Trainee: 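This structure is in structure tokens; I'll ask about it shortly.
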Protein chains: 2
Amino acid sequence: MTRATTARTLQTATVGEAQTGKRQAIVAAATRVFLSAGFGAASMDAIAAEAGVSKQTVYSHFGAKDALFEAILEDKCRGLMRPVRLPAVPGGDPAKTLGDLARRFIATVFTPANMALFRVVIAESARFPELAAAFYRAGPAAAVDDLAGYLTGLDRDGILAIGDATASARLFFAMLRGDIYIRRLLDLKPAPSAAEMEAVAEQAVAAFLAAHAPG
Amino acid sequence: MTRATTARTLQTATVGEAQTGKRQAIVAAATRVFLSAGFGAASMDAIAAEAGVSKQTVYSHFGAKDALFEAILEDKCRGLMRPVRLPAVPGGDPAKTLGDLARRFIATVFTPANMALFRVVIAESARFPELAAAFYRAGPAAAVDDLAGYLTGLDRDGILAIGDATASARLFFAMLRGDIYIRRLLDLKPAPSAAEMEAVAEQAVAAFLAAHAPG
DNA sequence: GTCTATAAAAGGATAGAC
DNA sequence: GTCTATCCTTTTATAGAC
């Protein structure tokens, strides 16, 4: 039991510890309130009420509003790209592999929960720069690194002509975000339908393959 | 003098009206404070102090914090794409025309002032949906509409194979935003250097032309 | 129009009992 | 650990004098 407490701050209680479900209730409530209202407009009273707990209990567990916010949101960042980070098989058809990746990426990123997280992280990037960095590392950067590795293999095998693998990977995800990303950030549009997702994925894959055709 | 007052709320005083420079000082101060602190963290006291004016004077001019915020930011949105909306010459070389547009777009959009505006509009998109819509119309949508018109001409003349002009225009700007847009939104990166801008522009134009080559 | 002064409310944080 | 009650600062907004 020498693990730092910060490492398990948000985990489920270990069996044997004195633990009610209140901490988890606070985490769940704070997640909802912070993601929907933002840091400033979220009050500790509202979080306590939403959790069905007194305000003092919230302070006993997390100390201060800043600490609660950072703990909650950095934890949310960790799971960002889980559905996207499936291994890209080196052997298969690049068009199919990239298409699958594209569909997973779009389906994950445009989720209401992920967009709300991104909005709040952007809004508080000045006050919580480490949170912004954690979001970028766990989200966009992780996706780019995975794809860059796959693209390097395609280049080595002469299947695609990749100059800078990282730059090409960034271009791919930029095409996938497209204009919809802006409208989603501005809350002007609901999550894309299956048909929209398919259209964006196909447009991006076709453009990417055309731009990196060998010879 | 039948123009609605809202239409000239932020304009310079008409000659002949009784008008000190205080209104303009308030506008300038509120712009700075709102863009750097956001809506919630910006206090009317701070705005009044920054303007060198009493708080009551701010309220006399703008009534309430909400109204001041909306007036200021919607006005800022209006000028968003002015440097980008230069007419694209129909006759010239598409690679050069698109490259020029790309450089103008990047140089304009990644400006600290424009990124700060975008951050605040995103953060308050739930509370001020009309502001978010105004931003999108005056910024991304205007740029897309202009480019779509130009692309339609290229398609008609057989120079490029454009299926859906709006979709292609959106793809072009998405490639220009690239990964840098995310890092700028998260305040992880300063505005791109001239060399970075050039690299992104060239990568995007090349990919766009390859993806829309005729035949 | 502009200022000083003040009201009225909200919110972060803590004290002390159990 | 948890709750009730409270402190104290900040902040929006207004009153009233000049």
Side-chain angles (χ1 to χ4, degrees), chain A residues 5 8-30 32-34 36-73 120 123-124 127-128, chain B residues 5 8-30 32-34 36-73 120 123-124 127-128:
Chain A
T5 53
R8 44 170 290 279
T9 301
L10 295 175
Q11 291 181 359
T12 305
T14 307
V15 180
E17 278 187 60
Q19 178 86 14
T20 65
K22 304 220 163 181
R23 187 186 187 89
Q24 296 162 48
I26 294 169
V27 169
R32 283 193 297 272
V33 174
F34 278 136
S36 67
F39 178 77
S43 75
M44 296 296 267
D45 292 86
I47 292 171
E50 176 94 6
V53 159
S54 84
K55 194 162 54 165
Q56 178 59 35
T57 301
V58 180
Y59 276 94
S60 295
H61 280 276
F62 292 95
K65 189 185 179 184
D66 288 26
L68 177 60
F69 181 77
E70 261 191 305
I72 296 283
L73 270 75
V120 174
E124 302 304 328
R127 194 194 298 253
F128 298 96
Chain B
T5 52
R8 45 170 290 280
T9 301
L10 294 175
Q11 292 182 356
T12 305
T14 308
V15 180
E17 278 189 59
Q19 177 84 17
T20 66
K22 304 218 162 179
R23 186 186 189 90
Q24 295 163 47
I26 294 169
V27 169
R32 284 193 296 272
V33 175
F34 278 135
S36 66
F39 177 78
S43 75
M44 295 296 266
D45 290 86
I47 292 171
E50 176 96 5
V53 159
S54 86
K55 194 164 51 168
Q56 177 59 37
T57 301
V58 179
Y59 276 95
S60 295
H61 280 275
F62 292 97
K65 190 184 179 184
D66 288 24
L68 176 60
F69 181 77
E70 261 192 305
I72 296 283
L73 270 76
V120 174
E124 302 303 328
R127 193 195 299 254
F128 298 95

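Order of the sequence lines fixes the chain letters, A, B, ..., with proteins taken first and strands second; residue numbering starts at 1 for each chain. As the structure is a prediction and not an experimental result, all values here were calculated from the model.
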Trainee: A:Ile47 CD1 to C:dA10 P: how many Å, rounded?
Mentor: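 Whole-Å distance recorded here is 17 Å.
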
Trainee: Between A:Ala42 and B:Ser54, which has a closest nucleotide on DNA chain C that is more 5'?
Mentor: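 It is B:Ser54, whose closest nucleotide lies nearer the 5' terminus.
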
Trainee: Could you check how far CZ of B:Phe62 sits from C1' of D:dA13, rounded to whole Å?
Mentor: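 Nearest whole value for this atom pair: 16 Å.
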
Trainee: Over all strands shown, is B:Ser43 touching base, sugar-phosphate only, or nothing at heavy-atom distances under 4.0 angstrom?
Mentor: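 The answer is sugar-phosphate, as B:Ser43 gets under 4.0 Å only of primed atoms, P, OP1 or OP2.
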
Trainee: Provide, to the nearest angstrom, the distance between the CZ atom belonging to B:Phe34 and the P atom belonging to D:dT11.
Mentor: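 Rounded to the whole Å, the gap is 13 Å.
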
Trainee: Of all residues at least two apart in sequence or in a different chain, which pass the side chain to side chain donor-acceptor pair (under 3.5 Å) check with A:Asp66?
Mentor: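 Testing A:Asp66 for side chain to side chain donor-acceptor pair (under 3.5 Å), a comparison that skips the adjacent residues, returns none.
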
Trainee: Not counting sequence neighbours, which residues clear side chain to side chain donor-acceptor pair (under 3.5 Å) with A:Lys65? List them please.
Mentor: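 Partners of A:Lys65 under the side chain to side chain donor-acceptor pair (under 3.5 Å) test: none.
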
Trainee: Using whole Å, report how far NZ of A:Lys55 lies from P of C:dG11.
Mentor: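 Atom-to-atom, A:Lys55 to C:dG11, this comes out as 9 Å.
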
Trainee: Would you mind reading off the distance between A:Gln24 atom CD and D:dT2 atom P, rounded to a whole angstrom?
Mentor: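 For the pair A:Gln24 CD and D:dT2 P, the rounded distance is 12 Å.
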
Trainee: Taking the side chain of B:Lys65 as its heavy atoms from C-beta onward, which of D:dT12, D:dT2, C:dA13 lies nearest to it?
Mentor: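 The closest nucleotide is D:dT12.
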
Trainee: Hey, what's the ring geometry for B:Phe34 with B:Phe39, parallel, tilted or perpendicular (30° and 60° as the breaks)?
Mentor: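 Because their plane-to-plane angle is under 30°, the rings of B:Phe34 and B:Phe39 count as parallel.
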
Trainee: How long is the line joining CD of B:Gln56 and P of D:dT12, in whole Å?
Mentor: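 Atom-to-atom, B:Gln56 to D:dT12, this comes out as 14 Å.
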
Trainee: Quick one: B:His61 NE2 to C:dC3 P, roughly how many Å, whole number?
Mentor: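 Those two atoms, NE2 and P, are 9 Å apart.
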
Trainee: Round to a whole Å and report the spacing from OH of A:Tyr59 to P of C:dG16.
Mentor: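 Distance, rounded to whole Å: 18 Å.
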
